[in-house]
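Report on the following structure.
Just so we're clear, the structure is a prediction, and the values are computed from it rather than from any experiment. This chain uses plain numbering: 1 for the first residue, then up along the sequence.
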Amino acid sequence: MNLVEQMQNTIQKITIDLGNSNYKMLVSDKRIIDSSNTEEVTEGTFGAYAVNGKYYLCGEGAAAKYTTNKIVVDKKALLGKALYSVVEDNQKVEITTLLPLSLYIHNQNKERYQELLKGEYVVTNPSQYTKKFEVVEVNVCCEGFSALITKPELLKEAIYLVEIGGVDLTGCFVNRTPVASQSFATEQGMNRFYKELAKVLTSKLLEGFSDKDAELVYNKYEVLEEELKEIIDSFATEYIQKNIYKKLVDIGYKKLIHKLVLVGGGAIALERYLKQDTNLKADDNIIILENALWANVEGAEIIEKRRAK
């Protein structure tokens with residue numbers, strides 16, 4: 001059997017979270033993270049990838065996403081671009097991926113996502129080199145809940161779980177398993193946070209700020225002047241109260257009873273505010289998972305390994 005035939009008979013297993021801000025991918029012992037912005041463009045656009053006959057810009061130069069639905073053609077294009085860098089030509093691939101709880105709870109959504117992502121891919125990079133590969137199996141796990149698998153002791157008590165992603169901001173009561181009737185799902189994640197912060201900065205500073213500008217300013221927080229810090233503090237505190245704490249109370253969260261566990265890249269970005277209560281005192285009731293950015297994809301990998309046994 002030659003090398004090509006061996007490759008065709010070997011299935012490479014990859015775990016990937018096709019997030020709405022970044023995608024996170026585990027390939028053997030490698031971790032890969034990159035922007036998940038994906039925008040369909042015309043043939044000949046500089047830097048575009050061709051995926052199954054259509055052309056896409058992928059990365060920071062593409063338009064950001066503000067809607068939660070992952071069962072869209074752009075996600076197949078993003079998967080094709082992501083796999084291109086880690087698989088060989090003619091490779092067969094099995095992937096494990098994730099859906100938000102709001103989509104995951106309906107079995108038909110899992111099936112639609114599997115069908116969307118399965119199949120043959122023909123991907124050409126901007127240098128006109130083409131690879132063909134096939135996704136032969138798609139396993140779907142639940143975002144948020146998968147992250148708890150990395151810290152299983154949390155599943156021994158009733159908790160509230162909040163995930164802050166690029167688009168999705170979700171909360172759910174978890175009593176060993178997610179309780180869908182006590183949950184919320186909005187599109188108020190970090191992409192919207194930066195978009196709204198940009199409006200505030202534009203209004204207060206009297207010069208135009210884009211959402212990307214706002215993100216860059218926010219990430220420089222420690223070296224900003226006090227006046228600018230106060231603007232950001234006021235905005236972030238109000239944003240969290242409105243979009244997280246009020247919604248948690250509506251689905252039954254009680255600080256005296258329940259622990260609050262947070263995951264996702266947004267939990268890291270907003271940590272300084274999430275660990276304070278409304279009086280800006282330390283809130284010991286909150287747990288931000290140590291590896292909040294990678295916990296979902298790591299948990300999904302663990303779940304799939306257990307399923308395979």
Side-chain angles (χ1 to χ4, degrees), residues 17 19-24 26 31 33 98 100-101 141-176 178 182-186 188-194 197 215 218-222 229 232-233 235-249 251-303:
D17 179 359
N20 288 322
S21 180
N22 296 300
Y23 70 83
K24 280 80 66 178
L26 299 178
R31 292 183 174 200
I33 183 169
L98 301 113
L101 176 65
C141 297
C142 180
E143 285 180 21
F145 183 71
S146 293
L148 294 179
I149 303 301
T150 67
K151 204 171 176 67
E153 61 269 25
L154 291 174
L155 291 171
K156 296 177 182 177
E157 54 186 313
I159 63 168
Y160 276 79
L161 173 69
V162 171
E163 177 171 16
I164 311 172
V167 170
D168 298 301
L169 198 167
T170 61
C172 184
F173 179 56
V174 178
N175 190 0
R176 298 189 181 273
Q182 288 179 261
S183 66
F184 69 85
T186 70
Q188 296 295 325
M190 293 308 293
N191 288 357
R192 185 67 61 184
F193 176 89
Y194 293 126
L197 177 58
E215 182 178 0
Y218 184 82
N219 289 338
K220 290 178 62 177
Y221 180 89
E222 298 301 336
K229 283 184 178 180
I232 294 172
D233 291 347
F235 169 79
T237 301
E238 182 179 345
Y239 197 91
I240 288 167
Q241 288 298 319
K242 176 183 177 182
N243 293 294
I244 298 179
Y245 288 113
K246 286 184 179 178
K247 293 189 181 300
L248 281 169
V249 170
I251 61 171
Y253 171 68
K254 292 177 176 62
K255 183 178 176 180
L256 287 175
I257 302 173
H258 307 109
K259 277 190 169 25
L260 184 58
V261 181
L262 294 113
V263 300
I268 298 170
L270 298 175
E271 182 172 1
R272 74 170 69 91
Y273 304 106
L274 292 167
K275 286 201 167 180
Q276 297 173 342
D277 64 17
T278 53
N279 298 313
L280 300 184
K281 296 177 182 177
D283 190 344
D284 296 330
N285 196 51
I286 287 178
I287 299 169
I288 296 177
L289 285 192
E290 206 169 293
N291 201 16
L293 184 63
W294 286 91
N296 264 318
V297 71
E298 288 178 349
E301 185 177 58
I302 292 168
I303 290 169

Exercise. If only atom types and distance count, is the side chain of Y253 paired as donor or acceptor with the main-chain N or O of G171 below 3.5 Å?
Worked result: no

Exercise. Any donor and acceptor pair, going by atom type alone, linking the side chain of S146 with main-chain N or O of E143 inside 3.5 Å?
Worked result: no

Exercise. Which word best sums up how the rings of H258 and Y160 line up, parallel for under 30°, tilted for 30 to 60°, or perpendicular for over 60°?
Worked result: perpendicular

For this session: Assign the ring pair Y239 / F193 to parallel, tilted or perpendicular, where the plane angle (0 to 90°) is split at 30° and 60°.
Result: perpendicular

Kindly compute the distance separating [atom1] ([X]) from [atom2] ([Y]), expressed to the nearest 0.5 Å.
X    : Y    : atom1 : atom2 : value
K242 : T186 : NZ    : OG1   : 10.5 Å
K255 : N285 : NZ    : CG    : 6.5 Å
E157 : R176 : CD    : CZ    : 10.5 Å
I240 : I164 : CD1   : CD1   : 6.5 Å
T150 : E298 : OG1   : CD    : 6.5 Å
N291 : N296 : CG    : CG    : 10.5 Å

Taking the side chain as every heavy atom from C-beta outward, state whether [X] and [Y] have any pair of such atoms under 4.5 Å apart.
X    : Y    : result
L161 : L154 : no
I33  : W294 : yes
L155 : F145 : yes
I287 : I159 : no
V162 : L169 : yes
E163 : L262 : no
L274 : I244 : yes
L293 : I268 : yes

For this session: May I ask you to check whether over 12 heavy atoms, not counting those of E238, lie within 6.0 Å of atom CD?
Result: no

Exercise. Are there more than 12 heavy atoms of other residues, nucleotides or ligands under 6.0 Å from atom CD of E290?
Worked result: no

Minimum heavy-atom separation for [X] and [Y], please, with both atom names.
X    : Y    : value
G166 : S21  : CA-CB, 3.5 Å
V263 : G144 : CG2-CA, 4.3 Å
Y273 : D233 : OH-OD1, 2.6 Å
I251 : Q182 : O-NE2, 3.1 Å
C142 : L101 : SG-CD1, 3.7 Å
A269 : Y218 : O-OH, 2.7 Å

Seminar exercise, completed: Sequence neighbours excluded, the answer for salt bridge (Lys or Arg N to Asp or Glu O under 4.0 Å) partners of K229 is E226

For this session: Can you sort out the partners of F184 under ring pair (Phe, Tyr, Trp, His ring centres under 6.0 Å), two or more places apart, ordered by chain and number?
Result: none

